[in-house]
Amino acid sequence: MSIPIRTPEEIEQMRRAGRIVAECHRRIGAMIRPGVTTMEIERMVDAYIRSQDAIPYTIGYNGYKYATCASVNDVIAHGFPSDAPLADGDLATIDIVAQADGWIADSAWTYAVGTLPESSRKLMQVTKECLDIGVSLAQPGNRIGDVMHALQKHAEQNGFSVVRDLLGHGVGRQLHEEPNFSHVGKPGKGFRLKKGMVLTIEPMINEGKLEMFIETDGWTCRTMDGKRSAQFEHTIAIVEGGPIVLTEQ
């Protein structure tokens with residue numbers, strides 16, 4: 001496995017794509033409410049990315065048609081935007097990838113639509129805490145198994161499960177570069193994080209069991225038991241003193 005190492009100058013160049021993705025999420029946060037459709041969000045994101053002289057990278061990626069993935073309730077990832085209005089109490093995860101100046105940034109965020117049931121509020125909170133744990137431990141010299149073990153332990157201690165079948169990955173000129181890794185881990189195992197690596201941390205946490213299936217459209221990933229899922233994702237650069245969160249909102 002050959003993991004790309006980026007120079008400080010290259011990481012600096014990646015910041016613009018990260019800022020564009022982060023601004024999309026800020027705008028989604030301001031517009032999401034019962035009655036809004038994920039297709040309206042899709043159109044906003046597509047237009048904003050293009051207005052910044054950037055590219056909505058997922059359009060055409062392996063045949064995908066949209067600038068966003070919009071995953072509601074029991075959809076874990078890769079859901080299609082829809083004209084169906086979001087309802088009070090829904091969980092909606094919007095995943096966005098932008099390419100600017102040849103560099104890519106990737107961030108997914110789960111949003112509360114109106115007033116959530118307590119179980120979904122806790123799911124959201126713990127999933128965001130899992131992301132924060134992963135980011136805080138993404139230090140040069142740490143093993144990915146230790147980082148992901150801490151994240152996994154937090155999710156499972158709170159009664160949730162961690163999706164195994166969808167992976168974190170390197171990011172650079174391409175959306176999916178080495179390394180690819182699960183969000184579960186064994187202490188002392190896995191590759192060591194090195195200065196200059198750029199990757200996603202993107203735990204997908206399920207309210208029920210970890211098993212999932214992919215619908216006949218070839219994209220939409222749902223929980224097998226029909227219970228809800230949440231995801232928070234940042235693109236980060238590994239540097240001395242702690243990671244740079246390129247998609248920080």
Whether the side chain of [X] engages the backbone of [Y] through a donor-acceptor N/O pair (distance < 3.5 Å, no angle test) should be reported.
{"X": "Asn206", "Y": "Gly208", "answer": "no"}
{"X": "Gln174", "Y": "Val171", "answer": "no"}
{"X": "Gln52", "Y": "Ile49", "answer": "no"}
{"X": "Glu42", "Y": "Ala67", "answer": "yes"}
{"X": "His149", "Y": "Gly185", "answer": "yes"}
{"X": "Asn142", "Y": "Leu137", "answer": "yes"}
{"X": "Asp146", "Y": "Gly188", "answer": "yes"}
{"X": "Arg143", "Y": "Gly141", "answer": "no"}
{"X": "Thr127", "Y": "Leu123", "answer": "yes"}
{"X": "Thr110", "Y": "Thr93", "answer": "no"}

* Kindly determine whether Gln125 and Glu129 satisfy side-chain hydrogen bond (donor to acceptor under 3.5 Å, both in side chains), including the steps that lead there. => CA-CA 6 Å; Gln125 177 185 329; Glu129 289 167 355; 3.0 Å; yes
* Asked: Please walk me through it: do Phe80 and Cys69 pass side chain to side chain contact (heavy atoms under 4.5 Å, CB included)?
  -> CA-CA 6 Å; Phe80 295 168; Cys69 296; over 6 Å; no
Any side-chain heavy-atom pair from [X] and [Y] closer than 4.5 angstrom?
{"X": "Ile214", "Y": "Trp219", "answer": "no"}
{"X": "Val113", "Y": "Arg33", "answer": "no"}
{"X": "Ile104", "Y": "Val97", "answer": "yes"}
{"X": "Met197", "Y": "Ile3", "answer": "yes"}
{"X": "Pro85", "Y": "Val36", "answer": "no"}
{"X": "Leu166", "Y": "Ile76", "answer": "yes"}
{"X": "Met212", "Y": "Arg222", "answer": "no"}
{"X": "Lys194", "Y": "Pro140", "answer": "no"}

Give a yes or no on whether [X] and [Y] share a hydrophobic cluster (residues Ile, Leu, Val, Met, Phe, Trp, Tyr; joining criterion: side-chain heavy atoms under 4.5 Å apart).
{"X": "Phe232", "Y": "Val147", "value": "yes"}
{"X": "Ile96", "Y": "Tyr111", "value": "yes"}
{"X": "Ile5", "Y": "Leu193", "value": "yes"}
{"X": "Leu151", "Y": "Leu210", "value": "no"}

Contact summary for [X] and [Y], nearest pair of heavy atoms:
{"X": "Asp88", "Y": "Gly114", "answer": "OD1-CA, 3.2 Å"}
{"X": "Ser182", "Y": "Met148", "answer": "O-CG, 3.4 Å"}
{"X": "Ile20", "Y": "Ala54", "answer": "CD1-CB, 3.7 Å"}
{"X": "Gly79", "Y": "Ser71", "answer": "N-OG, 3.2 Å"}
{"X": "Val45", "Y": "Cys24", "answer": "CG1-SG, 4.0 Å"}
{"X": "Thr68", "Y": "Pro81", "answer": "OG1-CG, 3.5 Å"}

* May I have the step-by-step check of side chain to side chain contact (heavy atoms under 4.5 Å, CB included) for Val21 and Trp109, ending in yes or no? => CA-CA 11 Å; Val21 171; Trp109 218 251; over 6 Å; no
* Does atom NZ of Lys153 have more than 12 heavy-atom neighbours, drawn from other residues, nucleotides or ligands, at distances under 6.0 Å? ->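 No.
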* Check the surroundings of atom CG in Asp217: do more than 12 heavy atoms from other residues, nucleotides or ligands lie under 6.0 Å from it? =>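 Yes, because the 6.0 Å sphere around CG of Asp217 holds more than 12 heavy atoms from other groups.
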Hey, are [X] and [Y] close enough for a salt bridge, meaning a charged N less than 4.0 Å from a carboxylate O?
{"X": "Arg43", "Y": "Glu40", "value": "no"}
{"X": "Arg228", "Y": "Asp74", "value": "no"}
{"X": "Glu23", "Y": "Arg27", "value": "yes"}
{"X": "Asp101", "Y": "Arg16", "value": "yes"}
{"X": "Glu177", "Y": "Arg6", "value": "yes"}

* To do: Return the orientation label for the Phe181 and His183 ring planes: parallel under 30°, perpendicular over 60°, tilted otherwise.
  =>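 Because their plane-to-plane angle lies in the 30° to 60° range, the rings of Phe181 and His183 count as tilted.
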* Asked: Would you say the side chains of Ser119 and Glu207 form a donor-acceptor pair under 3.5 Å?
  ->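 Ser119 vs Glu207: donor-acceptor pair found between side chains.
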* Give a yes-or-no answer on whether the side chains of His169 and Glu202 include a donor-acceptor pair shorter than 3.5 Å. =>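 Present: a donor and an acceptor within the cut-off.
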* Asked: Can you name the residues that form a salt bridge (charged side-chain N to carboxylate O under 4.0 Å, His left out) with Asp225, not counting sequence neighbours?
  ->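 Scan of Asp225 (salt bridge (charged side-chain N to carboxylate O under 4.0 Å, His left out), adjacent residues dropped) gives none.
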To the nearest 0.5 Å, what is the distance between [atom1] ([X]) and [atom2] ([Y])?
{"X": "Thr7", "Y": "Glu12", "atom1": "OG1", "atom2": "CD", "result": "10.0 Å"}
{"X": "Ile94", "Y": "Glu233", "atom1": "CD1", "atom2": "CD", "result": "13.0 Å"}
{"X": "Asp90", "Y": "Thr115", "atom1": "CG", "atom2": "OG1", "result": "12.0 Å"}
{"X": "Ile238", "Y": "Gln139", "atom1": "CD1", "atom2": "CD", "result": "8.0 Å"}
{"X": "Leu91", "Y": "Ser229", "atom1": "CG", "atom2": "OG", "result": "9.0 Å"}
{"X": "Ser161", "Y": "Gln152", "atom1": "OG", "atom2": "CD", "result": "10.5 Å"}

* **Within the 6.0 Å centroid threshold, strictly below: Tyr61 and His176** =>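 Tyr61 vs His176: aromatic centres under 6.0 Å.
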Report, one line per pair, each donor and acceptor closer than 3.5 Å where one atom sits in a side chain of residues 239-249; sequence neighbours left out.
{"residue": "Thr247", "atom": "OG1", "partner": "His234", "partner atom": "ND1", "Å": "2.8"}
{"residue": "Thr247", "atom": "OG1", "partner": "Thr235", "partner atom": "N", "Å": "3.0"}

* Report the C-alpha distance between His78 and Tyr66 in whole Å, list the side-chain angles of each, state the deciding distance to 0.1 Å, and finish with yes or no for ring pair (Phe, Tyr, Trp, His ring centres under 6.0 Å). => CA-CA 10 Å; His78 306 157; Tyr66 304 102; over 10 Å; no
* To do: Given side chain to side chain contact (heavy atoms under 4.5 Å, CB included), test Trp103 with Arg15 step by step and report yes or no.
  => CA-CA 9 Å; Trp103 296 102; Arg15 285 181 183 270; over 6 Å; no
* Could you check Val135 against Ile236 for side chain to side chain contact (heavy atoms under 4.5 Å, CB included), going step by step and ending with a plain yes or no? => CA-CA 8 Å; Val135 170; Ile236 66 170; 4.3 Å; yes
